[in-house]
Amino acid sequence: MGRKSVAVLDIRSSEVAVFIGERGVNHTFVFKASRTEAYDGYENGAFYDTDKLAEAIVRAITGVEQICGERIRQLYIGVPGEFCEVVTRQQDIGFSKKRKITQRDLDALMTSGREELAGCTFMRATSMVYVTADNRRVVDPVGFSSTGLTGALSYFYCKNYFRTTMEKIFADMKISLKYLPTQYAMGSYLVPSETRDECALFLDAGFLSSTVSILLGNGVLVQETFWAGKGQIAVLLMEKFSLPYEAALALVGKANLFSKNEVGKTEFIYRGVAYEYSPEELAETVRVGLDSICERVSAFLEVNTDRELDYKPLYITGEGISEIRGAVEHVSKRLNRICEVLVPNLPYYNKPAMSSRIALADMAYDDNCNDSFLRRILNGFGG
């Protein structure tokens, strides 16, 4: 792989994707190779079948390496919300006299709040907001003069179960692994910084697993993952119309929640087999599935009523519900708030299902550049 390229593994709740790319002009991305493989997913903090997960990842890795004609030596792995813990802390640092704040001061502040978390491994720390000793609220205090600094900080941890599972899969591949929090990458990439400065409500609606977060500044204030998405809606349709699961999943995409009073039966063909369904019953069953997602988001908001979110829109992305006609409008009505779908601002990749991949590529590229810069400094001083 070239120095400017990064390799990323995006693990969603129904498929894994491996891709190699680099940043192009105007903050775009150029992908040299990509490969997506389906697998069984996860629930309650564990994969259904780690052997099938391993097989999917190995196929994806092998396919990408064959396309590129080169080996992957370093891989950034996105850690889904199911396997990620977010801890927020307020840390203070004081100076003997008023002086300009430096990056070293910020690093010391971050380090002072870093603690071990049982069953987890530290990934990264970020800031939500800083406040100087004279009560100036700033996102980046470097260069400001003050006698002290307070930081509201977010610490991201990867659950050891996830990390050890990945290490076993890659044990014989001689690939260096680095971990990135997926939902944080998505939120910070998709939601504009000026919106996050005053809190933003963000929902990654996935296939089996969805995550709702409150973003603040460059960090995450609180995050919760729950088991609901497009896959569960398909199960409802499977039971309602006596369909095979794969046919029910295909039927989800035919739902139109905007339609009114569509009586009678409609036929659709899946893999050469004809099935009948009622469009009205289809729409109603999909609404029931969406309501389960709304209930979880509502419960999350009730717990976080002190976060000044009453008039904030809900930003939605992910493969779970955004492509169902009328789904976002239904969620908006149920939650009584504006909902807006976010997608990457890139040609060919401007779909909700691509959000995690582009966001992880963006974060991996920045991390890789920072690591390369640090190595150059160390090598320049004989490190």
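Only this structure's heavy atoms are used, side chains among them; waters, hydrogens and symmetry mates stay out.
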Between Asn160 and Thr121, is the side-chain hydrogen bond (donor to acceptor under 3.5 Å, both in side chains) condition met? List the steps. CA-CA 6 Å; Asn160 289 339; Thr121 301; 2.6 Å; yes
Candidate pair Asp105 and Lys100, rule salt bridge (Lys or Arg N to Asp or Glu O under 4.0 Å), full reasoning: CA-CA 10 Å; Asp105 296 323; Lys100 285 189 176 182; over 6 Å; no
Would you check, one step at a time, whether the test salt bridge (Lys or Arg N to Asp or Glu O under 4.0 Å) holds for Glu323 with Lys351? CA-CA 9 Å; Glu323 295 180 355; Lys351 296 178 177 60; over 6 Å; no
Assess whether side chain to side chain contact (heavy atoms under 4.5 Å, CB included) is satisfied between Asn345 and Asn350, documenting all intermediate values. CA-CA 6 Å; Asn345 186 24; Asn350 55 347; over 6 Å; no
Candidate pair Thr36 and Arg357, rule side-chain hydrogen bond (donor to acceptor under 3.5 Å, both in side chains), full reasoning: CA-CA 11 Å; Thr36 301; Arg357 301 180 193 184; 3.3 Å; yes
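Side-chain N or O atoms of Glu82 include one that pairs as donor or acceptor with a backbone N or O of Asn44 at under 3.5 Å. Without hydrogens or angle criteria, Arg337 side chain to Pro313 main chain gives no donor-acceptor distance under 3.5 Å.
Electrostatic pairing of Arg12 and Asp204 counts as a salt bridge here, judged by a charged N lying under 4.0 Å from a carboxylate O. Electrostatic pairing of Arg35 and Glu37 counts as a salt bridge here, judged by a charged N lying under 4.0 Å from a carboxylate O. With salt bridges taken as basic N to acidic carboxylate O contacts below 4.0 Å, none links Glu55 and Lys52. By the 4.0 Å N-to-carboxylate-O rule, Glu65 lies close enough to Arg71 to be salt-bridged with it. A salt bridge links Asp366 to Arg23: at least one charged side-chain nitrogen sits closer than 4.0 Å to a carboxylate oxygen. Taking a cutoff of 4.0 Å between a charged side-chain nitrogen and a carboxylate oxygen, Asp197 and Arg137 do not qualify as a salt bridge. Ion pairing of Lys240 with Glu280 is absent here, as no side-chain N (NZ or NE/NH1/NH2) approaches a carboxylate O to less than 4.0 Å.
A ring-centre distance under 6.0 Å is not found for Phe241 and Tyr275. When ring centroids are compared, Tyr315 and Phe202 stay outside the 6.0 Å threshold. Taking the six-membered ring where the residue is Trp, the centroids of Tyr39 and Tyr48 are separated by 6.0 Å or more. Taking the centre of each ring, Phe156 and Tyr179 stay at or above the 6.0 Å mark.
Under the 4.5 Å side-chain criterion, counting only non-hydrogen atoms from C-beta, Glu340 is not in contact with Leu314. Proximity of Phe226 to Ile293: side-chain heavy atoms (C-beta onward) are separated by under 4.5 Å at one or more points. Proximity of Pro181 to Arg124: side-chain heavy atoms (C-beta onward) are separated by under 4.5 Å at one or more points. Using a 4.5 Å heavy-atom threshold, the side chains of Asn304 and Ile214 count as touching. A 4.5 Å side-chain heavy-atom check between Gln66 and Thr62 finds at least one atom pair inside the cut-off. A heavy-atom distance below 4.5 Å is not found between the side chains of Arg163 and Val79. Counting heavy atoms from C-beta outward, Asp291 and Arg334 have side chains that approach closer than 4.5 Å. At a threshold of 4.5 Å between non-hydrogen side-chain atoms, the residues Phe207 and Leu249 count as touching.
Between the side chains of Ser209 and Ser13, no donor N or O sits under 3.5 Å from an acceptor N or O. With hydrogens and angles left out, the side-chain atoms of Ser146 and Thr132 include no donor and acceptor closer than 3.5 Å. Between the side chains of Asn256 and Ser259, no donor-acceptor pair of N or O atoms lies under 3.5 Å. Side-chain polar atoms of Asn218 and Thr126 form no donor-acceptor pair below 3.5 angstrom. A donor-acceptor pair shorter than 3.5 Å can be found between the side chains of Gln91 and Ser112. Side-chain contact, Ser5 with Lys32: a donor N or O sits under 3.5 Å from an acceptor N or O. Checking Ser213 against Gln183 by side-chain atom types alone, no donor-acceptor pair falls below 3.5 Å.
Lys312 contributes atom NZ, which lies 8.5 Å from atom OG1 of Thr195 (distance to the nearest 0.5 angstrom). With rounding to the nearest 0.5 angstrom, the CD1 atom of Ile169 is 7.5 Å from the CE atom of Met173. Rounded to the nearest 0.5 Å, atoms OG (Ser188) and CG (Asp362) are 7.5 Å apart. Distance check, rounded to the nearest 0.5 Å: OG1 of Thr102 to CG of Asp107 gives 8.0 Å. Going from atom CG of Leu53 over to atom CD1 of Ile11 covers 6.0 Å, rounded to the nearest 0.5 Å. The CG atom of Leu177 lies 4.5 Å from the CD1 atom of Ile77; values are rounded to the nearest 0.5 Å.
Relative ring orientation between Phe83 and Tyr161 is described as parallel, the plane-to-plane angle staying below 30° on a 0-90° scale split at 30° and 60°. Using cut-offs of 30° and 60° for the angle between ring planes, the Tyr155 and Phe122 rings count as tilted.
For the ring-ring contact (aromatic ring centres under 6.0 Å, His included) with Phe19, the qualifying choice from Tyr365, Phe31, Tyr349, Phe29 is Phe31, the only one to do so. Put simply, the residue from Thr317, Asp10, Thr182 that forms a side-chain hydrogen bond (donor to acceptor under 3.5 Å, both in side chains) with Ser356 is Asp10.
Minimum heavy-atom separation, Val286 to Ile324: CG1-CG2, 4.1 Å. For the pair Val191 and Ala200, the tightest heavy-atom approach, listed with the atom from each and the gap, is CG1-CB, 4.0 Å. Heavy-atom minimum distance, Leu208 versus Gln232: O-NE2, 2.9 Å. Shortest non-hydrogen contact noted between Tyr277 and Pro279 is O-CD, 3.6 Å. Heavy-atom minimum distance, Thr88 versus Ser154: CG2-OG, 4.2 Å. Considering every non-hydrogen atom in both Ser210 and Leu203, the closest pair reads CB-CD1, 4.4 Å.
In the hydrophobic cluster analysis, where Ile, Leu, Val, Met, Phe, Trp and Tyr join through side-chain heavy atoms closer than 4.5 angstrom, Leu360 is grouped together with Tyr348. One hydrophobic cluster, built from ILVMFWY side chains closer than 4.5 Å, holds both Phe162 and Met123. The cluster map of Ile, Leu, Val, Met, Phe, Trp and Tyr, joined by side-chain heavy atoms under 4.5 Å apart, puts Leu153 and Leu117 in the same cluster. Hydrophobic clustering places Leu301 together with Val331 (ILVMFWY residues linked when any side-chain heavy atoms are closer than 4.5 Å, directly or through intermediates). Transitive grouping of hydrophobic side chains (ILVMFWY, heavy atoms separated by less than 4.5 Å) brings Leu309 and Val222 into a common cluster.
Around atom CD of Glu194, more than 12 heavy atoms belonging to other residues, nucleotides or ligands sit under 6.0 Å away. Shown here is Ile67, whose CD1 atom has more than 12 heavy atoms of other residues, nucleotides or ligands within 6.0 Å.
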